[in-house]
Amino acid sequence: MTYILVRSPDSDETVELPTEDDNSLCLATLTAQFPDAIGLRYESPETGAMRGLRASEGKLLPPEDGWSNHVYFCTIAKGIKRKVDQDVDVASSAKSKMRTVDLIVLGLPFSCDESTMREYFSQYGEVVTSEIKKDSHTGKSKGFGFVHFKDFDSQIQVLAKKHFIGGRLCEVKIPNEKTEAEASHRLFVGQLNPTITEDDLKEYFSEFGAIADTYIPKNPFRGFAFITFIDPNVAALISKGEHVIKNNRVKVLEATPRLSKSKAVEKKEREGYYDRNNGGGQWRKMEEDHYSGKGSITAFPGDRH
DNA sequence: GTTGAGCGTT
């Protein structure tokens with residue numbers, strides 16, 4: 001059994017799918033990960049055109065020369081797209097993901113020099129830049145470096161693998177990329193005016209990446225919203241501060257990670273909030289008691305929803 | 001002269 005690399009043309013995710021004993025790929029295996037896929041294609045090294053895989057009896061058959069290490073793209077059934085897929089389409093035109101970047105290479109042998117590293121990575125495609133970080137005084141390697149590929153496909157291949165360079169196992173990653181656990185998928189959008197709808201937000205922010213959810217707390221309207229992106233790292237890339245949506249100047253912040261119920265209670269107690277309805281939905285800051293009692297509810301990033 | 005999780009003098 002081998003694994004082949006499969007991407008949806010719209011998504012930023014590459015998934016390894018296992019092949020069967022007869023070296024075919026089950027369509028069911030494909031659709032388990034990509035529900036709307038009906039086939040696979042890859043870029044032909046000879047012609048540069050996309051070449052489709054033969055499909056037969058619920059199986060996809062490998063190219064004549066084997067699966068090789070192509071990146072396979074899902075063929076998506078046209079005309080039966082759901083709304084969420086259209087959002088994903090918008091994301092594919094967003095600049096954030098389909099770009100090559102410097103990749104950090106961790107765990108290099110201290111003895112490994114730049115030409116050795118560059119030569120190693122050249123097997124995946126043209127290397128644009130490569131560099132090993134060194135101590136500025138001694139000139140000795142710090143054991144990590146950076147590599148930048150010309151083609152996005154090379155980058156995908158390299159990120160999907162572990163590497164032995166100079167006899168050591170090295171890790172290649174996108175620098176500073178947060179893990180699923182650390183990352184915030186969400187933006188906090190404040191100073192929202194009540195005429196703004198969730199569709200307005202969706203339209204505006206889908207420019208930056210595929211949106212999983214938009215949420216505007218209503219009853220009462222509280223002047224803020226949350227935008228949840230599919231990709232955990234998109235939110236971090238959007239410039240914080242002022243954005244203008246339909247003539248409404250709004251304030252964009254990265255939402256603080258969602259807290260568990262008990263943690264949220266602890267935090268609010270620490271900060272001097274109390275639960276007005278003893279289990280109901282509204283929190284008020286204690287100082288509000290000194291005012292009319294009808295003051296607006298204090299909202300802040302990290303509020304539950 | 002040693003080391004082994006991390007995140008880049010320009």
Side-chain angles (χ1 to χ4, degrees), chain A residues 3 5 7 11-16 69 71 91-92 94-188 205 207-210 212 227-241 252-259 263 301-302:
Chain A
Y3 284 96
L5 294 173
R7 286 171 69 82
S11 156
D12 40 40
E13 187 178 48
T14 307
V15 179
E16 293 189 359
N69 54 356
V71 177
S92 70
K95 330 79 189 168
S96 59
K97 276 296 164 177
M98 296 282 283
R99 253 180 34 220
T100 59
V101 296
D102 280 4
L103 303 176
I104 188 164
V105 185
L106 275 345
L108 288 167
F110 294 114
S111 60
C112 179
D113 61 11
E114 286 182 12
S115 65
T116 306
M117 184 177 85
R118 192 184 186 100
E119 197 173 318
Y120 169 83
F121 283 115
S122 296
Q123 68 182 294
Y124 293 96
E126 185 178 334
V127 173
V128 181
T129 59
S130 63
E131 152 179 55
I132 287 177
K133 287 297 165 192
K134 303 185 187 106
D135 183 287
S136 50
H137 289 97
T138 68
K140 293 211 51 137
S141 165
K142 292 167 127 169
F144 72 96
F146 294 87
V147 63
H148 195 133
F149 288 94
K150 176 165 176 290
D151 296 319
F152 188 66
D153 271 4
S154 308
Q155 177 169 306
I156 295 170
Q157 298 282 353
V158 166
L159 285 171
K161 301 185 80 170
K162 295 279 177 119
H163 303 273
F164 273 99
I165 306 175
R168 266 184 68 95
L169 181 61
C170 297
E171 248 188 326
V172 180
K173 305 197 292 195
I174 290 180
N176 289 330
E177 185 157 76
K178 290 181 177 171
T179 66
E180 182 76 15
E182 304 161 326
S184 170
H185 299 230
R186 296 189 307 153
L187 288 181
F188 173 89
F205 286 103
E207 157 101 11
F208 302 100
I227 316 295
T228 307
F229 291 94
I230 291 172
D231 188 280
N233 286 289
V234 170
L237 300 175
I238 296 173
S239 74
K240 305 304 180 289
V252 173
L253 298 173
E254 195 169 341
T256 56
R258 205 184 309 243
L259 300 170
K263 293 275 187 196

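Just the heavy atoms: all of them, side chains too, but no hydrogens, waters or symmetry mates, feed the values below. Reminder, nothing fancy here: chain letters follow the sequence lines and each chain counts from 1. Keep in mind it's a predicted model, so treat the numbers as computed, not measured.
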**Student:** Test A:Phe149 against every option in A:Val128, A:Asp102, A:Val158 by the side-chain contact (heavy atoms from CB on, under 4.5 Å) rule and name the one that passes.
**Tutor:** A:Val158

**Student:** Whole angstrom is fine here: how far is it from CG in A:Leu108 over to C1' in B:dG6?
**Tutor:** 12 Å

**Student:** Rounded to the Å, how far apart are A:Ile174 CD1 and B:dC7 P?
**Tutor:** 16 Å

**Student:** Please determine, for the side chain of A:Glu131, which listed nucleotide (B:dG4, B:dC7, B:dT10) has the closest atom?
**Tutor:** B:dT10

**Student:** Look at the aromatic rings of A:Tyr124 and A:Phe121 and report parallel, tilted or perpendicular, splitting at 30° and 60°.
**Tutor:** tilted

**Student:** Rounded to whole angstroms, how far apart are NZ on A:Lys133 and P on B:dC7?
**Tutor:** 14 Å

**Student:** Nearest whole Å is fine: how far is B:dC7 P from A:His148 NE2?
**Tutor:** 21 Å

**Student:** Between A:Ile132 (CD1) and B:dG6 (C1'), how many Å, whole number?
**Tutor:** 16 Å

**Student:** Does the pair A:Phe208 and A:Leu187 meet the rule for a side chain to side chain contact (heavy atoms under 4.5 Å, CB included), with working shown?
**Tutor:** CA-CA 12 Å; A:Phe208 302 100; A:Leu187 288 181; over 6 Å; no

**Student:** Within this structure, what is the NZ-to-P distance between A:Lys134 and B:dG4, rounded to whole angstrom?
**Tutor:** 22 Å

**Student:** Relative to the 5' end of DNA chain B, which residue comes earlier, A:Val105 or A:Lys140, by the nucleotide with the nearest heavy atom?
**Tutor:** A:Lys140

**Student:** Any sub-3.5 Å donor-acceptor pair from A:His148's side-chain atoms to A:Phe146's backbone N or O?
**Tutor:** no

**Student:** Report yes if at least one side-chain N or O of A:Lys142 is closer than 4.0 Å to OP1 or OP2 of B:dG8; otherwise report no.
**Tutor:** no

**Student:** I want to verify a distance call: between B:dG6, B:dA5, B:dC7, whose nearest atom is closest to the A:Ile104 side chain?
**Tutor:** B:dC7

**Student:** Between A:Asp135 (CG) and B:dT9 (P), how many Å, whole number?
**Tutor:** 10 Å

**Student:** Determine if A:Phe144 stacks with B:dG6; use a centre-to-centre distance below 5.5 Å and an interplanar angle below 30° as the criteria.
**Tutor:** no

**Student:** For DNA chain B, whose closest nucleotide is more 5', that of A:Gly143 or that of A:Phe146?
**Tutor:** A:Gly143

**Student:** Please state how far atom CG in A:Asp102 lies from atom P in B:dT9, giving the value in whole angstrom units.
**Tutor:** 12 Å

**Student:** Begin from the C-alpha positions of A:Leu5 and A:Asn69 and carry the test side chain to side chain contact (heavy atoms under 4.5 Å, CB included) through to its verdict.
**Tutor:** CA-CA 8 Å; A:Leu5 294 173; A:Asn69 54 356; 5.9 Å; no

